[in-house]
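Everything numeric here is computed off the predicted structure, so don't read it as measured data.
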Amino acid sequence: MRKADVIIIGSGLAALMVAYHLCEHKNVIIFTKANKETSNSWLAQGGVAAAIHRDDHWLFHYEDTLIAGCEHNDDEAVRILVQEGREALQHFMNLGFSFDADERGQLLFGREGAHRMKRILHAGGDATGKNMVSFLFEKLSNRVTFIEHDPVMDLIVYDGRCVGVQTKKGTYMADATVIATGGVGQLYTFTSNAQTATGDGIAMAYRAGAAVTDMEFVQFHPTMLYVDGKAVGLISEAVRGEGAILVTDDGRRVMDGVHPQKDLAPRDIVSRAIDNEIKNGHRVFLNISMVPHFPSRFPTITSLCERYQIDWRNGLIPVVPGAHFLMGGIVVNVHGETTLPGLYAVGEAACTGVHGANRLASNSLLEALVFSRRVAFRLLQKMERRSVMEKSEKKESNERISLPTKEQIQQTMTQYVGIVRDYDQLLQAKQWFEQYSIHKLVNMASEHDDEKRTIMYMLIIGWLITTSALQRRESRGAHYRSDQPFEREYWKKRRIVRTKAEHFTKEGFR
C-alpha cells in the first residue's frame with residue numbers, strides 16, 4: 001500500500017492543472033486507465049473562450065454563457081468563470097504557452113456558436129487541446145507521478161471520508177482525492193469523446209455516497225464527421241465560426257428560419273435541427289466552400305477527412321450530431337469540494353452549475369483552467385496531515401449478475417435517451433436498465449474485470465441520465481422532450497440531485 005498527499009484520477013487539462021498548482025508543495029499521483037494522452041482535452045479542437053479582447057467585456061461573456069445555458073446556470077460560478085478566466089488564461093500564457101497570432105504578434109480571435117463576438121483563442125489551428133495538454137506534460141515531467149494503464153476501480157471510504165483509491169494493481173491512500181475523469185460520451189453510439197469517457201469517476205463518486213446532479217443534460221455536438229454509418233471524429237464549431245453553413249442533400253440551408261443566429265445558434269438547437277432532417281430521410285453536410293485557407297486553418301480536420309477519403313475540396317463534409325459534453329456530474333462548490341469529505345472533482349466530471357442546461361462553446365477548457373486553480377488552492381489551504389485508516393467501508397460481495405454489452409447500452413441510450421426524448425421512450429429505457437439490478441450494482445463490490453466494471457458503471461450512469469430525464473417534465477437546453485416541448489417556470493434553476501440513499505428506500509427512485 002502506498003500513500004500520497006493528493007491522488008488525481010484522469011489526465012486531461014483539469015487534472016494536469018490541479019497537479020501543476022500542487023506539485024511544488026505536495027506529493028501528487030495521477031492515475032489513468034489508458035495512456036495519459038487519452039482524454040477529451042487531448043481531442044479538443046475549438047479553443048478557449050475568454051473576454052480579453054479590448055472590445056470585449058466579462059459581462060458580455062457572462063450573459064452569453066447564461067443565455068446558452070437557458071439560465072439554469074449557477075450565477076456565481078459563471079461570474080467566477082468569466083472574471084477569473086482572463087487571469088487564468090494570462091497566467092497560462094505567462095508560463096510560456098503560445099496561442100495563434102498574426103504576423104504582428106497580435107492574438108487571433110475566432111467566433112463560435114452563441115458568442116456575440118470573436119473571443120476564442122486557438123493553438124495550432126484546431127489542435128488547441130492537444131497543444132495545451134502536451135505543454136503541461138512537459139511542465140510536469142519528473143514533478144508528479146504518472147501511473148498509466150492502472151484503472152481506479154473504486155474509492156476507499158472510511159468513517160464517512162474518502163481516504164484513497166483501489167486500483168487494478170494496488171491500494172493507495174491519500175489526504176485528498178480529485179476526480180477529473182471527464183464525461184459520458186461513450187454511452188452513445190455517436191460521440192466526440194475519447195474511448196475512456198464512460199462516466200467511471202461519476203459512478204464511483206455516486207457509489208461512494210457523493211451527490212450528483214443535472215445528469216439529464218447531455219450536450220450533442222452538431223457536427224461529427226459521418227462516414228459509412230459511423231461518427232469518426234469532430235468537426236469543430238470554429239468551422240461554422242469561419243463562415244461554413246449546414247445544408248441538406250437537396251441544397252436547403254438547415255438553419256434558415258430556425259434561430260436568429262442560424263448556423264451559430266446554441267448547440268442544442270443546431271443538433272435538433274440536423275436530427276430532424278436526418279429523421280426525415282435527408283443527409284446533412286457542412287458546406288466549407290466559403291472558408292478561406294481551410295487546410296491551414298483546420299489541419300486536424302483536413303487530415304481527418306483525408307484519412308476517411310472525404311474530399312473536402314468539393315466543399316461538402318457529411319456530418320451527424322454526436323454526444324459531446326455532460327453539463328451535470330458530481331455536485332461540487334466553486335472550490336471543487338464534493339459532498340463527501342476528502343473527495344474533490346473538477347472538469348467535466350464535476351458540476352458547479354457553470355454550464356447550466358447547455359454549455360457555451362469553448363467554455364470547457366476555460367473551466368478547466370479556472371476551477372482547477374481553485375481546487376488546488378483550497379487543497380493547499382485545508383490539507384493537514386491525516387492519519388488515514390488502512391481499512392475501508394465494505395460493499396456487499398458480488399453476486400452473479402448478467403450484464404449487457406457496451407453496444408447494447410449505446411443503442412439503448414441513442415434510441416431512447418438521445419437528442420429528442422419523450423415519456424414513453426424514457427420509461428422503456430428505465431425498464432431496460434433496471435432489469436440489470438441497478439441497486440445491486442450501486443452497492444456491490446467493484447468488478448476486477450475491466451470490461452465488466454466499465455459496463456457496470458455505464459449502466460449506473462445510463463440509469464441516472466434516464467431517470468433524471470424522466471423526472472424533469474419540461475424541455476430546457478440540451479434536455480428536450482417532445483411531449484413537454486416548453487420550459488416550465490417550476491423547473492427554472494431547479495436541480496435534480498441524486499445520491500445512493502435513493503437505493504435504500506422501499507421502492508427505490510421513481
Quick one: do the [X] and [Y] side chains pair a donor with an acceptor below 3.5 Å?
X: Arg119; Y: His53; answer: no
X: Thr65; Y: Asn73; answer: no
X: Gln381; Y: His335; answer: no
X: Thr248; Y: Glu277; answer: no
X: Asp214; Y: His72; answer: yes

Between [X] and [Y] (salt bridge meaning N to carboxylate O under 4.0 Å), is one present in this structure?
X: Glu337; Y: Lys382; answer: yes
X: Asp263; Y: Arg240; answer: no
X: Lys130; Y: Glu37; answer: no
X: Arg373; Y: Glu87; answer: yes
X: Asp311; Y: Arg313; answer: yes
X: Asp75; Y: Lys493; answer: yes
X: Arg374; Y: Glu84; answer: yes

Check for a donor-acceptor pair, side chain of [X] on one end and backbone N or O of [Y] on the other, with a separation under 3.5 Å.
X: His115; Y: Ala361; value: yes
X: Thr167; Y: Asp150; value: no
X: Thr454; Y: Asp450; value: yes
X: Thr213; Y: Arg495; value: no
X: Glu242; Y: Pro292; value: no

Next item on the list: Would you give the length of the straight line joining atom OG1 of Thr38 to atom CG of Asn35, rounded to the nearest 0.5 angstrom?
Entry: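 The OG1 atom of Thr38 sits 3.5 Å away from the CG atom of Asn35.
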Notebook entry, point to check: Which distance, rounded to the nearest 0.5 Å, do you find between the OG of Ser271 and the OH of Tyr480?
Noted result: 13.5 Å
Next item on the list: Could you tell me how the ring of Phe99 sits relative to the ring of Phe92: parallel (under 30°), tilted (30 to 60°) or perpendicular (over 60°)?
Entry: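 Geometry flag for Phe92 against Phe99: tilted rings.
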Check: Does Lys36 count as lying over the ring of Phe137, i.e. NZ or CZ under 6.0 Å from the six-ring centre, within 45 degrees of the axis?
Finding: yes
